[in-house]
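Order of listing sets the numbers, starting from 1, for every ligand and every atom in it. Keep in mind it's a predicted model, so treat the numbers as computed, not measured.
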Amino acid sequence: MHFTSLSIPLITLSGLITPSIAHPQLRPGQPVLRENEANSRVNTIKEAFEHAWDGYKQYAFPHDELLPISNGHGDSRNGWGASAVDALSTAIMMGNATIVNEIIDHITTVDYSKTDTTVSLFETTIRYLAGMLSGYDLLTGPANDLVEDQEKVEVLLEQSKNLADVLKFAFNTPSGVPYNNLNITSGGNDDATTNGLAVTGTLVLEWTRLSDLTGDPQYARLSQKAQSYLLKPQPATSEPFPGLVGSNINIATGQFADAQVSWNGGADSFYEYLIKMYVYDPEEFGEYKERWVAAAKSSMQHLASHPSSRPDLTFLASYNNGKLGLSSQHLTCFDGGSFLLGGTVLNNDEFINFGLKLVEGCHTTYSETLTGIGPESFGWDANSVPEDQKALYEKAGFYIQSGAYILRPEVIESFYYAWRVTGKEQYREWVWNAFVAINKYCRTGSGFAGLTNVNAANGGSRYDNQESFLFAEVMKYVYLTHSEEAEWQVQRGNGNKFVFNTEAHPFRVR
Ligand code: DMJ
């Protein structure tokens, strides 16, 4: 880890010295955390990560996830130790060599050709394949002093290839659009006729990276062929506004099967990856950037929506057949981060300012609940406000459709981008406040549990499940917001050396 040449003189100008904390764009006179407070936050975050790891290790390892109330285990992700693999890149960034070695030792033992369960191509790609590739990129790059035995590090790439070789039959369809739900033992699938936009369009970064690292082009080719149908959508009616496309693709033909547009779950990370591929390689993926720009502009023009009770707030609506849907999700709140990343790499203030409006809207879904944590889904249709939520709608600009919180990262993720792009301390405080609330309401004796109702005292009751993305995403974004400048941090402008996959695993850019 190192400081940027910019950060030290600017810190001096601020008058409040915090040499161990990253300041992406600190302005003179801007208040910053004092060093001891900053260090104490970093220690608190590391303690929370280790608390979750210790509980997982004691009660659930090598299964996929901890059941943090009953201290049992779950195997929702093929039973290959999803939490361990998902935790790897965060443990590397935190410099925790003990946990990193434990995880790699585990990965060495996994047989990716065996499982009793249906395998999701998308989930397996974003968590396992990406977790290993990112570990490889970090441990052969900026963290190359963390694991002594470089042969162990090579296992990460070998196992990535093994896994992709097991999965690649998914693309063996008439169009090349893959099946998502696979039986890897029989080489079968669920006989679906369509595949979703996000699960089709969130493979290309991982599979391209694998090709670049192995020198074997087949993985990039497969994923880019599938992506090609999403970049040039057919029929024309499936693209009601430039760049905004339908939600499902016919597996036989590659044609879109509908024109339902949103940035919500099911579509979300397709848009996320358009701009991230450009960050990965602006030369090769210029067309992806054009598609992101078109989608971003159309979203500002056609999907931006303001609650009647809080016209100051901005959310992204969905659209279908001439009608706007005035509801959104926690998942959708990655959108602010996507606009901020696109805005900064393209040097476009309109995208940045719009991204900050989206970030503010999602922040309100946190700041206006009793727990300080935002709901799984919410609406702002003035004609559909539930009687018992009229006061909330009047004050906060949204009502809750599902009050669950299952340890999702998207709101914190977008706060992180806002902090990195603007350097405004307010965004770091928002990350910290969210983390404090999660630590308060979700923490159990062995880890972290989801909440059933973020707007009830104590969060209602708790879900006995700790999703692996708690390790990969929530803990990572909170840590990165408070930790030193480093090569893997998101940079303002064009200087990114790494780009994060949708599960927050950083890949070295081409
Ligand atoms: C994660 O697996 C990824 O962030 C994905 O893109 C969306 N769902 C979860 C987190 O909510």
Side-chain angles (χ1 to χ4, degrees), residues 52 64-65 74 76-78 80-90 119-134 180 195-207 223 230 247 262-277 316 328-338 341 362 365-366 373-378 402-417 434-435 438 442 448-451 454 463 465-478 480 490 499-507:
D64 283 341
E65 57 267 320
S76 70
R77 303 283 167 220
N78 325 332
W80 297 327
S83 289
V85 183
D86 237 4
L88 178 60
S89 61
T90 308
V119 169
S120 160
L121 176 64
F122 164 77
E123 296 288 359
T124 307
T125 293
I126 67 169
R127 302 191 199 212
Y128 287 104
L129 185 60
M132 292 189 291
L133 289 173
S134 174
N180 188 58
N195 204 9
L197 180 63
V199 297
T200 308
T202 316
L203 306 167
V204 64
L205 179 59
E206 292 83 354
W207 288 66
S223 62
L230 313 184
S247 297
S262 83
W263 288 59
N264 298 339
D268 45 7
S269 40
F270 160 69
Y271 296 107
E272 178 185 349
Y273 272 25
L274 292 178
I275 194 65
K276 287 187 169 176
M277 290 308 287
L316 285 185
S328 187
Q329 302 168 337
H330 197 290
L331 282 164
T332 321
C333 285
F334 83 97
D335 54 6
S338 186
L341 178 66
C362 288
T365 70
Y366 269 52
I373 299 171
E376 175 73 3
S377 59
F378 54 94
S402 163
Y405 175 65
I406 62 161
L407 307 172
R408 290 199 191 278
E410 293 78 13
V411 174
I412 294 175
E413 171 184 348
S414 286
F415 293 168
Y416 168 68
Y417 278 90
F435 171 74
I438 292 167
C442 301
F448 292 82
L451 305 174
V454 294
Y463 293 115
N465 190 41
Q466 180 180 276
E467 275 279 359
S468 70
F469 46 68
L470 181 271
F471 290 107
E473 302 199 67
V474 173
M475 293 294 175
K476 181 180 289 120
Y477 287 123
V478 177
L480 287 179
V490 168
V499 62
F500 290 63
N501 94 320
T502 193
E503 191 83 353
H505 297 303
F507 294 165

**Q.** Electrostatic pair Glu467-Arg127, nearest N-O below 4.0 angstrom
**A.** yes
Does either side chain, that of [X] or that of [Y], offer a donor lying less than 3.5 Å from an acceptor on the other one?
| X | Y | answer |
| --- | --- | --- |
| His330 | Glu376 | no |
| Ser76 | Glu65 | yes |
| Tyr273 | Glu206 | yes |

Q: For Asn78, enumerate each residue passing the side chain to side chain contact (heavy atoms under 4.5 Å, CB included) test, keeping only those at least two apart in sequence or located in another chain.
A: Trp80, Thr115, Thr117, Val119, Thr124, Tyr128
(Q) Tell me which residues fall inside the under-4.0 Å heavy-atom shell around ligand 1. (A) Ile126, Arg127, Leu331, Arg408, Pro409, Glu410, Phe469, Glu473, Thr502, Glu503
Q.
Taking the side chain as everything from C-beta on, heavy atoms only, tell me whether Leu451 gets closer than 4.5 Å to Tyr463.
A. no
